[in-house]
Asker: 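One structure follows; several queries about it will come next.
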Amino acid sequence: MILIVDDKPENIFSLKKILELNNFRVDTANSGEEALKKILKNAYALIILDVQMPGMDGFEVAEAISGYSKAKDIPIIFLSAINTDKRFVTKGYASGGLDYVTKPVDPDILLLKVKTFYRLYEQTMELTQIQDTLREEIEFRKEAEKKKDEFISIASHELKTPLTSIKAYLQLSERSIHDGNSGTTRQYLQRTMVQLDKLNNLIADLLDISKIESGKLKFNKKHFDFEPLLNSAIDIIRQTHDGVRIILTGKANVQVFGDEVRIEQVLINYLTNAFKYSPGTKEVYVDVSTSPDNQLVVKVKDNGIGIPAEKQAGIFDKFYRVEETSHRFQGMGIGLYICAEILRRHNGTYQVESEEGKGSTFSFTLPISGVL
Ligand code: ADP
């Protein structure tokens with residue numbers, strides 16, 4: 001928008017007409033004071049400023065504008081009859097573009113100048129926008145790079161932990177073989193197997209992340225019965241977690257169209273987290289149901305440490321770990337991100353409800369493909 005400032009309404013009228021006929025949007029002010037008020041409130045691409053006005057004259061308006069950070073770059077075309085002191089103006093108004101048109105105004109010359117300034121204004125706006133986008137992009141990449149670096153250090157540490165245990169158990173096994181104690185050897189080898197499984201799971205998660213990144217996470221989808229899959233996941237957790245109770249409520253005799261192995265992975269992840277983040281408690285509750293809009297609803301509830309309200313939104317993001325507890329629990333912050341990706345790719349949804357210190361309920365939904 002262009003602002004015309006002139007104390008004579010007839011001048012404003014004719015200038016406004018010329019500009020509007022050339023498709024410029026125009027605003028007007030009858031005095032320097034009114035112009036300043038408008039400049040503070042609105043964004044203008046150009047100001048056409050009469051020099052000789054009663055009260056504040058054009059030069060004084062320009063000088064005042066030069067002090068507004070928001071407006072100091074708006075170009076000005078002065079309309080002057082006489083007495084144009086260029087040096088004075090340029091001193092007060094150095095950063096914006098300046099030009100003069102002498103009165104009586106030649107419409108063609110004025111239009112030519114307006115068009116040039118307007119083009120410059122548009123180019124500047126475009127450049128500023130590109131600059132802002134680039135700045136955001138740089139910030140985003142820096143942040144991603146930082147997270148990746150942190151992740152590499154966490155992942156290396158996570159991989160090293162079971163590896164160190166495996167080495168220790170193998171050394172102990174070797175010693176007990178040497179002592180001829182086959183019972184103890186078997187125990188050490190069993191512990192080695194547990195650590196190997198951990199290592200295997202960690203590497204599988206890392207591979208999943210790289211598959212998600214490269215768009216290569218593939219699904220082998222077919223119709224399957226959900227309840228047997230849920231029971232199998234619960235059994236796996238019972239076998240791998242000593243003395244735990246998983247209390248199952250609800251019914252969902254339904255079929256789902258999806259990749260059984262991947263949906264089981266989601267269940268196991270939710271259940272593993274429920275026990276992992278509930279030190280001292282041995283009970284986790286699973287509830288299954290169906291909703292009127294044909295969705296299977298699965299909820300996994302624990303009475304564990306919970307998640308602070310402000311941290312819940314990021315919980316399914318890549319590499320996200322709740323800072324306050326990250327030093328107490330090992331983890332890479334990728335399990336829930338993989339779950340979210342699996343559920344998204346099955347047209348499912350995922351949610352968390354949690355209260356710090358009281359526990360969490362992680363749930364997900366999946367479209368039902370058939371009722372048994
Ligand atoms: P990891 O457990 O390896 O850190 P996840 O992606 O599975 O990674 O979980 C991300 C973060 O979410 C965890 O670091 C933890 O802070 C939080 N979290 C996940 N499940 C629970 C839960 N049941 N209770 C409390 N916090 C949880």
Side-chain angles (χ1 to χ4, degrees), residues 144 146-163 195 197-213 217 233-234 236-237 240-241 244-248 262-287 298-345 348-364:
K146 200 175 121 207
K147 276 193 174 169
K148 207 159 218 168
D149 285 347
E150 279 168 13
F151 172 70
I152 288 172
S153 115
I154 292 173
S156 320
H157 180 74
E158 287 291 304
L159 293 172
K160 195 125 204 299
T161 312
L163 210 57
Q195 296 301 321
D197 280 343
K198 268 193 191 164
L199 201 57
N200 195 28
N201 291 338
L202 288 173
I203 291 170
D205 276 357
L206 287 173
L207 286 174
D208 279 351
I209 284 283
S210 90
K211 280 185 203 156
I212 292 173
E213 301 283 280
L217 190 66
I234 290 178
I236 291 173
I237 296 295
T240 48
H241 294 66
V244 296
R245 263 166 41 92
I246 298 171
I247 296 120
L248 177 60
R262 291 298 184 178
I263 302 299
E264 186 177 63
Q265 184 180 349
V266 174
L267 287 165
I268 290 181
N269 222 309
Y270 273 28
L271 287 166
T272 309
N273 277 352
F275 284 114
K276 174 170 158 189
Y277 294 102
S278 310
T281 62
K282 291 272 178 194
E283 275 174 10
V284 162
Y285 304 82
V286 178
D287 183 70
V298 181
K299 296 185 176 183
V300 177
K301 178 178 178 301
D302 63 62
N303 293 319
I305 59 168
I307 302 159
E310 69 279 10
K311 299 289 162 79
Q312 290 171 21
I315 212 85
F316 288 93
D317 291 351
K318 191 167 49 175
F319 307 147
Y320 192 92
R321 310 204 67 220
V322 176
E323 260 166 51
E324 288 84 342
T325 49
S326 57
H327 54 279
R328 278 173 63 200
F329 301 92
Q330 288 192 330
M332 297 194 285
I334 56 177
L336 288 179
Y337 171 70
I338 297 170
C339 291
E341 176 72 8
I342 293 172
L343 291 164
R344 271 196 298 266
R345 300 274 301 271
T349 64
Y350 43 88
Q351 301 82 25
V352 62
E353 280 170 54
S354 184
E355 201 177 326
E356 199 175 357
K358 295 232 165 116
S360 313
T361 303
F362 279 83
S363 51
F364 68 81

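Read the numbers this way: they start at 1 and go in the same order the structure lists the ligands and their atoms.
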Asker: Which residues pass the side-chain hydrogen bond (donor to acceptor under 3.5 Å, both in side chains) test with E353, not counting sequence neighbours?
Answerer: none

Asker: As an exercise, state the distance from CG of L336 to CD of E341, rounded to the nearest 0.5 Å.
Answerer: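 Answer for the CG-CD pair, L336 versus E341, is 13.5 Å.
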
Asker: Given F316, Y270, Y277, which has its nearest heavy atom closest to atom 21 (C) of ligand 1?
Answerer: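 Nearest option to atom 21 (C) of ligand 1, by heavy atoms: Y277.
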
Asker: Assess whether atom CD of E310 is packed by more than 12 heavy atoms of other residues, nucleotides or ligands within 6.0 Å.
Answerer: yes

Asker: Hey, is K276 touching ligand 1 through its side chain, its backbone, both or neither, going by heavy atoms under 4.0 Å?
Answerer: side chain

Asker: Answer yes or no: is there a donor N or O on one side and an acceptor on the other, between the side chain of K147 and the main chain of Y320, under 3.5 Å?
Answerer: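 No, because the side chain of K147 does not come within donor-acceptor range (under 3.5 Å) of the backbone of Y320.
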
Asker: As an exercise, state the distance from CD of E355 to CD of Q312, rounded to the nearest 0.5 Å.
Answerer: 9.5 Å

Asker: How far is atom 9 (O) of ligand 1 from the closest protein heavy atom, and which atom is that?
Answerer: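 Scanning the protein heavy atoms, the shortest distance from atom 9 (O) of ligand 1 goes to L336 CD1, 3.6 Å.
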
Asker: Is ligand 1 under 4.0 Å from a heavy atom in the side chain of R321, in the backbone, in both, or in neither?
Answerer: both

Asker: Run the numbers for me: atoms of ligand 1, each under 4.0 Å from some heavy atom of I334, listed by number.
Answerer: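 Contacts of ligand 1 toward I334, numbered from 1: 6 (O), 8 (O).
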
Asker: Please determine if G331 has a nitrogen or oxygen closer than 3.5 Å to a nitrogen or oxygen of ligand 1.
Answerer: no

Asker: Would you check whether G333 has a nitrogen or oxygen atom less than 3.5 angstrom from a nitrogen or oxygen atom of ligand 1?
Answerer: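 Among all N and O atoms of G333, at least one is under 3.5 Å from an N or O of ligand 1.
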
Asker: Which residue and atom name correspond to the protein heavy atom nearest atom 26 (N) of ligand 1, and how close is it?
Answerer: I307 CG1, 3.4 Å

Asker: Counting non-hydrogen protein atoms only, what is the nearest one to atom 7 (O) of ligand 1? Give residue, atom name and distance.
Answerer: N273 ND2, 2.9 Å

Asker: Nearest protein heavy atom to atom 3 (O) of ligand 1, by residue and atom, and its distance?
Answerer: M332 N, 3.0 Å

Asker: Quick one: ring pair (Phe, Tyr, Trp, His ring centres under 6.0 Å) partners of Y337, sequence neighbours excluded?
Answerer: none

Asker: Within the distance-only criterion (no hydrogens, no angle test), does the side chain of E158 pair as donor or acceptor with the backbone N or O of Q330 below 3.5 angstrom?
Answerer: no

Asker: For atom 11 (C) of ligand 1, find the nearest protein heavy atom and state the residue, atom name and distance (0.1 Å precision).
Answerer: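 Sorting protein heavy atoms by distance from atom 11 (C) of ligand 1 puts Y320 O, 3.6 Å first.
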
Asker: Checking a contact table here: which protein heavy atom is nearest atom 23 (N) of ligand 1, and how many Å away?
Answerer: D302 OD2, 2.9 Å

Asker: Identify the closest protein heavy atom to atom 17 (C) of ligand 1: which residue and atom is it, and at what distance?
Answerer: I315 CD1, 3.7 Å

Asker: Counting neighbours of CZ on R245 that are heavy atoms of other residues, nucleotides or ligands and sit closer than 6.0 Å, is the number greater than 12?
Answerer: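 Result for CZ/R245: open.
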
Asker: Taking everything shown except K299 itself, do over 12 heavy atoms lie less than 6.0 Å from its NZ?
Answerer: no

